[in-house]
Trainee: 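A single structure is presented below for examination.
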Amino acid sequence: MEINYDEDVSQNPFLEKLRSFYEPTLRLAAHEGWIVCVPRRGTFTKNVLYKEDVEEHILIPDYDMSKTSFRSLSNKNVKLLNRILTINYETPNSYPLRLLFEETFYNEDSWKYRIWCIECPINCETLSSYNNLTIVTNLQDATNLLWSEINDKAYTTLEVNLKEFQKIYLNLEKPSIETLKNSVFQLYSNCIETILKDKKFNDTSITSTYLIQNIKIAVETYILHTLRKILPKSISIYTADDDANLNKIIRNLADLKFDDLGIHLDLCTNIHRGKLELSHIVCYMTVLEKLECLRRSIRYISQGVSSITSDDLLPILVYLVIKTSLSNWIAQITFIKHFRFSASSINEADELAYLTTSLEAAIEYIKSGALMEKNRMNHISDSEQKEKNESEQRTSIDYLFTCIMKGELSEVENLLSSDIISLYNQIPLCHPLCTCESCEVSLAKNRLLNRPTISSKNEHGSTALHIASFYGKVNIVDYLLNNGADTNVINNDSFTPLHCALMKGYQNIVLLLLHANANPIIVDNYGNTALHIASDRGHEGCVKALLYFAEHTNLSLNVNSLNIDGDTPLHRASKWGYLGIIEVLLEYGADCKIKNKWGQTSFDVAQSERVTILLQHITPNVVVPCTVKVHHSLPILQLSPKTENKLKSKYSSNIHMTVQINKLFAAISEGDIHLANYYLGWSNQNEQIVVRSDLCHPLCCCERCAPIHEYSEKRNKIPAIIFNSYNNNGETILHVASTVGSLEIIQLLLDAGADVNVTTKFEGRTPLHLACSANKIQAVKIILDCAACNINAKDLNGDTPLHLATKNVDTKLMELLIRSGANANIRNLQNVTPRSELEKQMSKEVALKILKCNSLEYPSHYFSGID
C-alpha cells in the first residue's frame with residue numbers, strides 16, 4: 001500500500017475525454033456548482049467515454065438532505081463520510097470508493113468546478129483494492145463511525161464495559177504486560193461481539209466486510225484512548241530498563257550524520273520536517289494515531305521523491321529514532337505491537353504493519369551496538385583517508401591524531417619526542433645553546449610549520465589529549481599527562497579532555513584526568529558541566545567517579561548546577577530514565593524541585609513512570625497534596641510505615657498552604673487584585689517600586705536599583721503548588737485568571753513558568769478556551785503572546801478556542817484568533833467546524849472579512865468564489 005497518492009489530474013485521460021467530447025456538460029456542472037468525479041489514472045480502461053459514464057461521475061449536492069449527500073446524473077444516491085463515497089448507500093447493493101484528493105479547476109468562462117479524484121470508476125463492479133481502504137485514521141474518525149453505524153444500545157454497552165474494566169484494573173497489583181494485553185483484548189472482543197449482533201452486519205457483501213473491519217479499528221482506537229491514563233504508563237514501568245539502555249546508546253550517537261547511514265541526498269532535504277512530526281508520536285494515545293504519525297513523518301520526507309525503497313526506509317528510521325530526543329522508544333514499540341487488536345488477515349501485511357516492523361527493526365539495530373562500532377571505525381577511516389592525501393603526512397597534526405586513534409603509542413612518542421640535538425642540527429643557530437631573539441624565532445617557526453607538539457590543535461581546536469580521551473586510549477593519555485599536556489585546554493565547543501572522556505564513558509581516563517588537576521566545573525558552549533555530560537550520556541560509573549572524587553578531595557562540585565536551558569544533571573538523567581544515576585544524584589543532594597527555563601522540574605521531564613515513582617518516594621520532602629494534579633494514576637509501589645509517617649507529617653504542615661490557595665482562588669474570581677497580591681506575599685510598598693524601570697544599567701545593584709531587582713526576583717518565585725493546584729471545578733489559578741480576565745495575574749503566572757496549555761479536569765479546556773468563552777479579548781492577547789500556546793488545542797468535546805469564540809459571535813475575537821493562526825476547518829465531535837458555524841450565524845460579507853484575516857490558510861482563489 002503506497003504512502004501517498006498524487007497525480008496531475010489535468011493530464012488524466014478520463015478528464016481529457018470529458019473536455020473534448022462533453023464540454024457543454026462540463027460547462028453546466030461549473031455553472032451549477034456540481035462535482036466532477038475523475039477515476040485515478042489507469043482505472044478507466046474504456047477507449048470511448050459514453051454518456052452513461054459521464055452521468056455516473058457528475059454529482060449534484062442534495063442540500064435538502066445534508067452537505068454530505070449527493071445524487072449522480074444517473075440517479076444514484078451517494079454519501080460522503082470521512083473521505084469515503086458510498087454508492088447507493090440506501091440499498092443492499094451499496095459499495096464504497098475512496099476519495100483520494102480534491103482540486104479546483106476553471107473553464108474558459110472563469111467558472112470554477114470541483115474535481116474529486118477517486119480510486120476507480122463509480123460503476124466498477126469489482127473493487128480490487130477494497131481490503132486496503134481505511135476510513136478511520138484518528139480518534140475523530142473512530143468516534144464519528146461508531147456514532148453513525150452502531151445502535152444506542154451497543155454504544156451504551158461499550159461505555160459500561162469500559163467503566164467496569166477500569167474498576168477491575170484499579171484492584172490489580174502490578175499486572176504484567178501479557179496480563180494487561182489479555183485483559184484489554186478480552187474487553188475489545190466483548191465489545192466487538194456486542195456490536196456485531198446487529199442484523200445489519202450479518203450479510204457477507206463487500207460493504208459489510210469493509211464496514212466491520214473499520215468498526216474493529218474504531219473500537220480499538222476508542223478503547224485505547226479511554227484507557228490512555230492506564231496503558232502507556234503501565235507499559236513504561238516494565239520497559240524502563242530497556243529504554244534507559246537504548247537511550248544510553250542513542251545519546252552516544254548524538255553526532256551521527258547522514259553520511260554515516262548512507263541516506264540519499266534527495267531524502268535529506270525534508271528530513272527535519274519528518275523528524276519534527278515523529279517527535280509528536282508520544283502525544284498520541286492509540287496505536288492507530290501513533291502509526292499515522294509515523295506514516296506522516298515518512299510522507300513528509302518522501303515529498304518530491306518518486307519512491308522510498310525498504311533499503312532507504314531503514315536508515316531513515318534509524319536516524320529519526322536517534323535524533324527525535326524521545327526517551328521511551330521501547331515502550332512505544334511495545335504498545336504498538338501488543339495492542340493492535342484490529343490487525344487480522346485482511347490487513348496484517350498492509351502499510352501500517354510494514355512501518356511497525358521497520359520501526360522495530362531500526363530500534364533493534366540501534367540496540368545491537370553495531371552502529372556505535374561502525375561510527376567509531378568511520379572516524380578512523382576518514383582520518384586514514386585524509387592521511388593519504390597529505391603531502392607531508394609524517395609531520396602533520398592529522399597523522400599524529402590518526403596514530404592516537406589507532407593507539408600507536410610508539411609512533412606518538414616518536415612524533416612528540418624532544419630530540420633537541422637532532423632538531424638544532426637542522427636549524428642554523430648562533431651556537432647550539434643560543435637563546436637570542438633571532439634563534440628563538442627560528443625554533444618557533446620550525447615547531448609551528450614542521451613538527452606537531454603536545455599543544456598542537458586541529459581545525460576543531462582539539463589537542464592530542466582531547467583525541468586520546470575521546471577514543472579511550474589510556475596509555476596515550478598517561479603519556480601525554482606525564483609530558484605536560486594541559487588538562488583544562490578547551491576546543492571550539494569549549495570541551496575539555498575531561499568532557500571528551502565523559503561523553504564516551506571512560507571512567508579510568510576520567511580518574512586519570514581528575515588526579516592531573518582537570519577542572520570538572522568548566523562548562524561547554526551550552527553551559528554543561530562534566531556532571532551534566534555524564535548524566536546525559538548515561539555513564540553511571542563516571543557520575544560516581546566525579547562525585548566521589550569531589551567528596552574525598554573537598555572539591556566544590558555543585559550537583560544542582562544549571563546549563564543554558566536551566567537543566568540540572570538530574571533533569572537530564574530523569575528525561576532519559578537512568579535510574580541508577582538518579583539515585584546517586586539524589587544521594588548527593590540533587591533537588592528534584594528545581595525548574596528549568598520552561599518551568600519544568602525533574603518530575604515534568606521524566607517520561608518513565610518508574611522514574612516518577614522513584615523521584616517521589618526516594619526524596620522524603622517531596623509531597624503531592626490532594627489538590628495537586630498528579631502525573632500518574634496508580635500507586636505501584638507501597639510506602640514503608642516510616643515514609644508514610646513523614647508524608648503525613650509534611651502534608652499536615654501544608655494545610656495552611658491549602659487554605660491560602662483557596663483564598664487566592666476566591667480573590668482572583670472576585671477580581672480583587674490587591675487581595676490576590678497579598679496572598680501571593682507581595683506588599684503594597686513593593687508594588688509601587690515595580691513601576692520604576694529606569695535602572696542605571698541592567699545589572700546595576702546600587703541603593704536605588706537594588707530594591708527593584710529584589711522585587712522582580714520575589715515576583716518570579718511562585719511556589720510550584722500555585723501552578724498545579726485545582727479548585728473544586730477542576731481549574732488551576734491560570735484558568736480562573738483567564739476566565740475573569742485578570743491581566744496582571746495572567747502575565748505574572750506566564751512569566752513565572754506556568755503551563756499555558758494546562759487543561760481543566762472535567763472539560764479539558766486550556767486558559768485560552770476559557771478566555772475565549774468569556775470574551776476576554778485582552779486576556780486572549782496576553783495568552784497568545786506566549787510562544788508555547790497551542791491555539792488549536794481541543795477540549796473533550798473537540799472544540800478549539802475558535803469554536804467557542806464563534807459560538808459567542810465575537811467578531812473582533814474571531815479575527816484575532818484567525819490572524820494568529822487558528823484553523824477554521826477543524827471539526828469537533830459533532831462534526832462542526834468554526835467556518836461552518838460562522839457562515840451559519842453571519843452574512844457572507846462578514847464571514848468573508850473574518851476568514852480573510854489569515855491569507856495563509858485561505859488562498860486567494862478560495863475567496864474568488866465567494867460572492
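Given the structure is predicted, the values throughout are model-derived calculations rather than measurements.
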Trainee: I need the full list of salt bridge (charged side-chain N to carboxylate O under 4.0 Å, His left out) pairs touching residues 271-291, with sequence neighbours left out, sorted by first then second residue.
Mentor: E277-R296

Trainee: Is the shortest side-chain heavy-atom distance between W116 and L85 below 4.5 Å?
Mentor: yes

Trainee: I would like to know whether T157 and V160 meet side chain to side chain contact (heavy atoms under 4.5 Å, CB included); could you show each step before the answer?
Mentor: CA-CA 5 Å; T157 304; V160 171; 5.6 Å; no

Trainee: For Y188, give me all partners under ring pair (Phe, Tyr, Trp, His ring centres under 6.0 Å), at least two apart in sequence or on another chain.
Mentor: F341

Trainee: Please assess E837 against T806 for the test side chain to side chain donor-acceptor pair (under 3.5 Å), listing each intermediate value before the final yes or no.
Mentor: CA-CA 7 Å; E837 190 71 21; T806 307; over 6 Å; no

Trainee: Between SG of C191 and CD1 of I215, what distance do you get to the nearest 0.5 Å?
Mentor: 12.5 Å

Trainee: For N247, what residues pass the side-chain hydrogen bond (donor to acceptor under 3.5 Å, both in side chains) criterion, not counting sequence neighbours?
Mentor: none

Trainee: So how far is it from I791 CD1 to L802 CG, rounded to the nearest 0.5 Å?
Mentor: 8.0 Å

Trainee: Listing request: all salt bridge (charged side-chain N to carboxylate O under 4.0 Å, His left out) pairs with a residue in residues 788-797, at least two apart in sequence or in separate chains.
Mentor: R765-D795

Trainee: Measure across L734 and S738 and return the closest heavy-atom pair with its distance rounded to 0.1 Å.
Mentor: O-OG, 2.7 Å

Trainee: Hey, are D799 and Q830 close enough side-chain-wise for a donor-acceptor pair under 3.5 Å?
Mentor: no

Trainee: Drop me the distance from I783's CD1 to S820's OG, to the nearest 0.5 angstrom.
Mentor: 12.0 Å

Trainee: Could you measure the distance from the OH atom of Y354 to the CG atom of L359? Nearest 0.5 Å is fine.
Mentor: 12.0 Å

Trainee: With sequence neighbours left out, write down each residue that passes salt bridge (charged side-chain N to carboxylate O under 4.0 Å, His left out) with K337, or none if nothing qualifies.
Mentor: E360

Trainee: Would a 4.5 Å heavy-atom cut-off, applied to side chains only, mark N77 and S69 as touching?
Mentor: no

Trainee: From N190 CG over to I195 CD1, what is the distance, rounded to the nearest 0.5 angstrom?
Mentor: 11.0 Å

Trainee: If the plane angle is over 60° it's perpendicular, under 30° parallel, otherwise tilted; pick one for Y222 and Y155.
Mentor: tilted

Trainee: Do I122 and S72 pass the side chain to side chain contact (heavy atoms under 4.5 Å, CB included) test, and can you show the C-alpha distance, the side-chain angles, and the key distance before you say yes or no?
Mentor: CA-CA 10 Å; I122 285 182; S72 70; 5.9 Å; no

Trainee: Between L326 and L278, what is the shortest heavy-atom contact and its length?
Mentor: CD1-O, 4.1 Å

Trainee: Applying side-chain hydrogen bond (donor to acceptor under 3.5 Å, both in side chains), name anything that partners T221, two or more places apart in sequence or on another chain.
Mentor: none

Trainee: Check whether the side chains of H769 and T766 place a donor and an acceptor atom closer than 3.5 Å, and report yes or no.
Mentor: yes

